[in-house]
Amino acid sequence: QVQLVESGGGLVQAGASLKLSCAASGRTFSSNAMGWFRQAPGKDREFVAHINSNGDSIDYRDSVKGRFTISRDNAKNTVYLQMHSLNPEDTAAYYCAAAWGGWGGRALEAYVYWGQGTQVTVSS
């Protein structure tokens, strides 16, 4: 069992930056690939970023490439999402998720543990 708690969301203006954190507890965090997903009102939850268990394989959805950076600190059992140049289209609840093994990919179905989410609102 893995428990995930996100933090760092907030209300910001377009162009601002935020850094989300996801603290994990439970089974060995370093064995799990981690992902960030987001869900805007009335829309499906969508993939944002993925990092494998070793941290040496990273993937992003196209719309956040060059603006968002996912990273992890296995010593602190924490995964981060640094977000720059935020725009109103980034407004959503952001969720971190842990895959069962060392690789998760883009599919929601690959992730078995989910946090409660943190809200990011970007005003124009």
Side-chain angles (χ1 to χ4, degrees):
Q1 189 75 10
V2 175
Q3 293 79 41
L4 303 173
V5 179
E6 303 96 335
S7 61
L11 171 63
V12 297
Q13 292 188 330
S17 299
L18 280 175
K19 187 173 184 177
L20 306 183
S21 299
C22 174
S25 61
R27 71 186 287 261
T28 305
F29 171 78
S30 60
S31 300
N32 300 95
M34 300 296 295
W36 284 97
F37 294 78
R38 65 187 182 187
Q39 187 167 19
K43 295 188 177 181
D44 293 335
R45 191 169 298 189
E46 64 183 18
F47 166 80
V48 176
H50 162 269
I51 186 167
N52 71 338
S53 56
N54 293 331
D56 58 2
S57 181
I58 289 173
D59 185 29
Y60 300 98
R61 70 178 299 106
D62 287 347
S63 64
V64 308
K65 285 181 181 177
R67 299 189 298 122
F68 291 12
T69 302
I70 188 172
S71 62
R72 66 189 298 158
D73 185 337
N74 286 344
K76 295 183 178 179
N77 286 359
T78 303
V79 63
Y80 304 97
L81 186 67
Q82 177 69 60
M83 306 184 293
H84 295 296
S85 302
L86 286 162
N87 58 63
E89 291 70 37
D90 296 316
T91 295
Y94 282 71
Y95 299 88
C96 73
W100 182 254
W103 180 264
R106 296 188 172 204
L108 274 71
E109 295 75 16
Y111 295 84
V112 293
Y113 304 111
W114 291 83
Q116 293 300 306
T118 185
Q119 179 67 35
V120 172
T121 303
V122 185
S123 63
S124 58

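The chain is numbered in sequence order, starting from 1.
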Residue pair [X] / [Y], side-chain heavy-atom distance below 4.5 Å:
{"X": "M83", "Y": "R67", "result": "no"}
{"X": "F29", "Y": "V2", "result": "no"}
{"X": "E46", "Y": "L108", "result": "no"}

(message) For the backbone of M34 and the side chain of N32, can you confirm whether one donor and one acceptor N or O come within less than 3.5 Å of each other?
(response)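 Judged by distance alone, no pair lies under 3.5 Å.
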
(message) Would the distance check show the side chain of H50 and the main-chain N or O of A33 forming a donor-acceptor pair, the cut-off being under 3.5 Å?
(response)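 Such a contact is absent between H50 side chain and A33 backbone.
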
(message) Once you measure the plane-to-plane angle for F37 and W114, does it fall in the parallel (<30°), tilted (30-60°) or perpendicular (>60°) bin?
(response)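 It falls in the tilted class, 30° to 60°.
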
To the nearest 0.5 angstrom, please state how far the [atom1] atom of [X] sits from the [atom2] atom of [Y].
{"X": "R106", "Y": "Y111", "atom1": "CZ", "atom2": "OH", "value": "10.0 Å"}
{"X": "Y94", "Y": "L18", "atom1": "OH", "atom2": "CG", "value": "9.0 Å"}
{"X": "L11", "Y": "Q119", "atom1": "CG", "atom2": "CD", "value": "9.5 Å"}
{"X": "L20", "Y": "T78", "atom1": "CG", "atom2": "OG1", "value": "12.5 Å"}

(request) Please report the shortest heavy-atom distance between H84 and S17, naming the atom on each side. (result)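 Smallest interatomic distance, heavy atoms only, reads ND1-OG, 2.7 Å.
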
For atom [atom1] of [X], is the number of surrounding heavy atoms from other residues, nucleotides or ligands below 6.0 Å larger than 12?
{"X": "D44", "atom1": "CG", "result": "no"}
{"X": "K65", "atom1": "NZ", "result": "yes"}
{"X": "Q39", "atom1": "CD", "result": "yes"}

(request) Check step by step if side chain to side chain contact (heavy atoms under 4.5 Å, CB included) holds for R38 and V64. (result) CA-CA 12 Å; R38 65 187 182 187; V64 308; 4.0 Å; yes

(message) Here's a test for you: under side-chain contact (heavy atoms from CB on, under 4.5 Å), which of C96, S71, C22 qualifies with Y80?
(response)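 With Y80 as partner, side-chain contact (heavy atoms from CB on, under 4.5 Å) holds for just one option, S71.
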
(request) Determine, step by step, whether F68 and L86 satisfy the side chain to side chain contact (heavy atoms under 4.5 Å, CB included) criterion, reporting the C-alpha distance in whole Å, the side-chain angles of both residues, the deciding distance to 0.1 Å, and the verdict. (result) CA-CA 9 Å; F68 291 12; L86 286 162; 3.9 Å; yes

